[in-house]
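Notes to accompany the following structure.
Because the structure is a prediction, the values reported are computed rather than measured. A note on names: the letters A, B, ... follow the listed sequences, proteins ahead of strands, and every chain is numbered from 1.
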Protein chains: 2
Amino acid sequence: MTHNDRLTKGAKKVLEILGRSEELTSAQDIHSRLRTDDERAPGLTTVYRSLESLVGQGLVQAVDLGDGERRYEVVKPGEHHHHLICDKCNSSVHLDQCLVHDLEDAIKSKYGFSTRAHILEIFGTCSDCQ
Amino acid sequence: MTHNDRLTKGAKKVLEILGRSEELTSAQDIHSRLRTDDERAPGLTTVYRSLESLVGQGLVQAVDLGDGERRYEVVKPGEHHHHLICDKCNSSVHLDQCLVHDLEDAIKSKYGFSTRAHILEIFGTCSDCQ
DNA sequence: GGTAGAATGAAAACCATTATCATATCCACC
DNA sequence: GGTGGATATGATAATGGTTTTCATTCTACC
């Protein structure tokens with residue numbers, strides 16, 4: 001019925017953890033949370049493989065903050081969004097709109113460049129931490 | 001007279017290599033190019049340290065393409081810019097204007113978030129490779 | 001049931017980057 | 001000039017997230 005049929009057991013558990021997470025979550029975080037709930041939960045290798053599959057299916061997006069540790073979060077299938085990441089409290093606010101999307105036409109006409117993907121993350125201080 | 005007075009020998013050589021580079025260049029690339037010219041050139045450790053210093057001084061910017069290998073390029077002191085990176089030929093075109101800068105005020109008023117830094121890189125197909 | 005292909009796990013390999021620590025070099029000051 | 005303390009450098013080892021490897025376990029289908 002749904003795309004879930006395509007998910008392995010491991011991937012379903014990974015998706016479930018991600019679905020409950022408020023914040024961006026690393027593979028290792030996912031793994032240790034799974035193992036906290038159930039010591040027979042998927043191993044780290046499976047977590048990585050599941051994430052790769054979920055990202056490939058457009059159900060999860062990987063976020064690279066440039067600190068050597070990739071984070072993940074659930075997205076609406078095929079969509080993506082960017083973040084305002086607070087240096088002080090590490091919270092991340094979703095931008096409700098992709099700032100790059102609107103510029104794609106302008107980039108195409110100015111540079112003849114067809115965009116396929118992009119990275120955009122903004123760091124600073126959130127309203128609570130001002 | 002100039003900021004160059006603050007640069008160590010190693011950093012000067014690194015900066016020279018970067019200055020001659022058309023493309024984004026990794027630390028390891030810089031190192032092997034240095035060693036090609038002169039087998040007594042700075043070691044990899046010094047290259048990394050020099051890059052850290054140059055980035056700190058605003059003379060070089062680090063670019064993270066999310067592939068686990070940081071690249072570097074010379075910038076006008078204190079400035080930065082973003083790229084259109086072609087998936088096919090790996091060329092990178094500089095955007096002549098920072099797309100995020102213009103949005104900082106809007107982000108501040110909408111989210112109360114003060115921006116400090118950001119990552120933005122755009123991937124796709126360049127005009128030559130269309 | 002039996003079997004091929006997929007999924008999984010433990011452990012090892014990878015690899016860019018950092019830390020360590022000993023040596024070489026610089027430079028201010030006498 | 002010399003000299004001593006700070007700075008720079010280099011070889012090597014360590015780090016740590018991610019990938020590979022390969023053997024084992026599941027699962028779907030005939």
Side-chain angles (χ1 to χ4, degrees), chain A residues 1 3-18 23-57 59-73 90 119 121, chain B residues 1 3-18 23-57 59-73 90 119 121:
Chain A
M1 36 169 281
H3 282 298
N4 279 357
D5 296 332
R6 300 194 147 276
L7 298 180
T8 64
K9 275 186 193 171
K12 283 179 192 168
K13 289 184 184 169
V14 168
L15 193 55
E16 193 191 324
I17 290 287
L18 278 180
E23 296 293 329
L24 297 168
T25 312
S26 72
Q28 319 233 14
D29 279 348
I30 293 167
H31 177 245
S32 56
R33 283 204 219 168
L34 282 168
R35 282 287 163 100
T36 301
D37 296 354
D38 171 9
E39 66 179 20
R40 282 174 311 172
L44 192 52
T45 309
T46 296
V47 170
Y48 275 109
R49 276 191 286 236
S50 298
L51 287 169
E52 186 186 3
S53 157
L54 291 165
V55 170
Q57 291 178 63
L59 301 175
V60 165
Q61 79 171 337
V63 178
D64 197 316
L65 304 184
D67 67 348
E69 191 176 19
R70 228 167 282 154
R71 321 294 164 90
Y72 299 86
E73 70 182 330
N90 270 319
I119 305 172
E121 303 299 336
Chain B
M1 39 167 290
H3 283 299
N4 279 357
D5 295 333
R6 300 195 148 277
L7 298 181
T8 62
K9 275 187 193 171
K12 282 180 192 166
K13 290 184 182 169
V14 168
L15 193 55
E16 194 191 323
I17 290 286
L18 278 179
E23 298 292 329
L24 297 169
T25 312
S26 71
Q28 319 236 10
D29 279 347
I30 292 167
H31 177 245
S32 55
R33 284 204 219 168
L34 282 169
R35 283 287 163 102
T36 301
D37 296 353
D38 173 8
E39 65 180 20
R40 280 175 310 171
L44 193 51
T45 308
T46 297
V47 171
Y48 276 108
R49 276 190 286 234
S50 298
L51 287 169
E52 185 186 5
S53 157
L54 291 166
V55 170
Q57 289 178 65
L59 301 175
V60 166
Q61 79 171 335
V63 178
D64 196 318
L65 303 183
D67 67 348
E69 191 176 18
R70 228 167 284 154
R71 321 295 164 89
Y72 299 85
E73 69 183 330
N90 270 318
I119 305 173
E121 302 300 334

Strand-adjacent residues in residues 63-72 of chain A, judged by heavy atoms under 4.0 Å from DNA chain C: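 Heavy-atom contacts with DNA chain C come from no residue of residues 63-72 of chain A; none.
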
Contact list for DNA chain C against residues 40-53 of chain B - heavy-atom distance below 4.0 Å: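 Output list: Thr45(B), Tyr48(B).
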
Any side-chain heavy atom of [X] within less than 4.5 Å of one from [Y]?
| X | Y | answer |
| --- | --- | --- |
| Val63(A) | Glu73(A) | yes |
| Arg35(B) | His31(B) | yes |
| Leu34(B) | Val14(B) | yes |

Side chain to side chain contact (heavy atoms under 4.5 Å, CB included), paired with Leu18(A), selected from Leu24(A), Leu59(A), Leu51(A):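 Answer after filtering Leu24(A), Leu59(A), Leu51(A): Leu51(A).
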
Side chain to side chain contact (heavy atoms under 4.5 Å, CB included), paired with Arg71(B), selected from Leu65(B), Asp29(B), Ile30(B):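 Single pass found, and it is Leu65(B).
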
With sequence neighbours left out, what residues match [X] under salt bridge (Lys or Arg N to Asp or Glu O under 4.0 Å)?
| X | value |
| --- | --- |
| Asp38(A) | none |
| Glu52(B) | none |
| Glu23(B) | none |

Dot-bracket pairing map - DNA chain D, Watson-Crick plus G-U, both contacts under 3.5 Å, | cross-strand: ||||||||||||||||||||||||||||||

Only counting residues at least two apart or in another chain, list the ones meeting side chain to side chain donor-acceptor pair (under 3.5 Å) with [X].
| X | value |
| --- | --- |
| Asp64(A) | none |
| Arg49(B) | none |
| Ser53(A) | Gln57(A) |
| Gln28(A) | none |

Minimum heavy-atom distance between Gly10(B) and Ser50(B), given as atom pair plus value: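 For Gly10(B) versus Ser50(B), the nearest heavy atoms are C-OG, 3.5 Å.
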
Shortest non-hydrogen separation from Thr36(A) to Ser32(A) and the atoms involved: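 Between these two residues, the closest heavy atoms are OG1-O, 2.7 Å.
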
Covered region of DNA chain D, 5' end to 3' end, by chain A [heavy atoms, under 4.0 Å]: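 The contacted stretch runs from dG17(D) to dT27(D).
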
Kindly give the atom pairs (protein nitrogen or oxygen, nucleotide nitrogen or oxygen) under 3.5 Å for nucleotides 23-28 of chain C.
| from | atom 1 | to | atom 2 | distance (Å) |
| --- | --- | --- | --- | --- |
| dC26(C) | OP1 | Lys9(B) | NZ | 2.6 |

Criterion side chain to side chain contact (heavy atoms under 4.5 Å, CB included) on Tyr72(A) and Val55(A), from CA distance to verdict: CA-CA 9 Å; Tyr72(A) 299 86; Val55(A) 170; 4.1 Å; yes

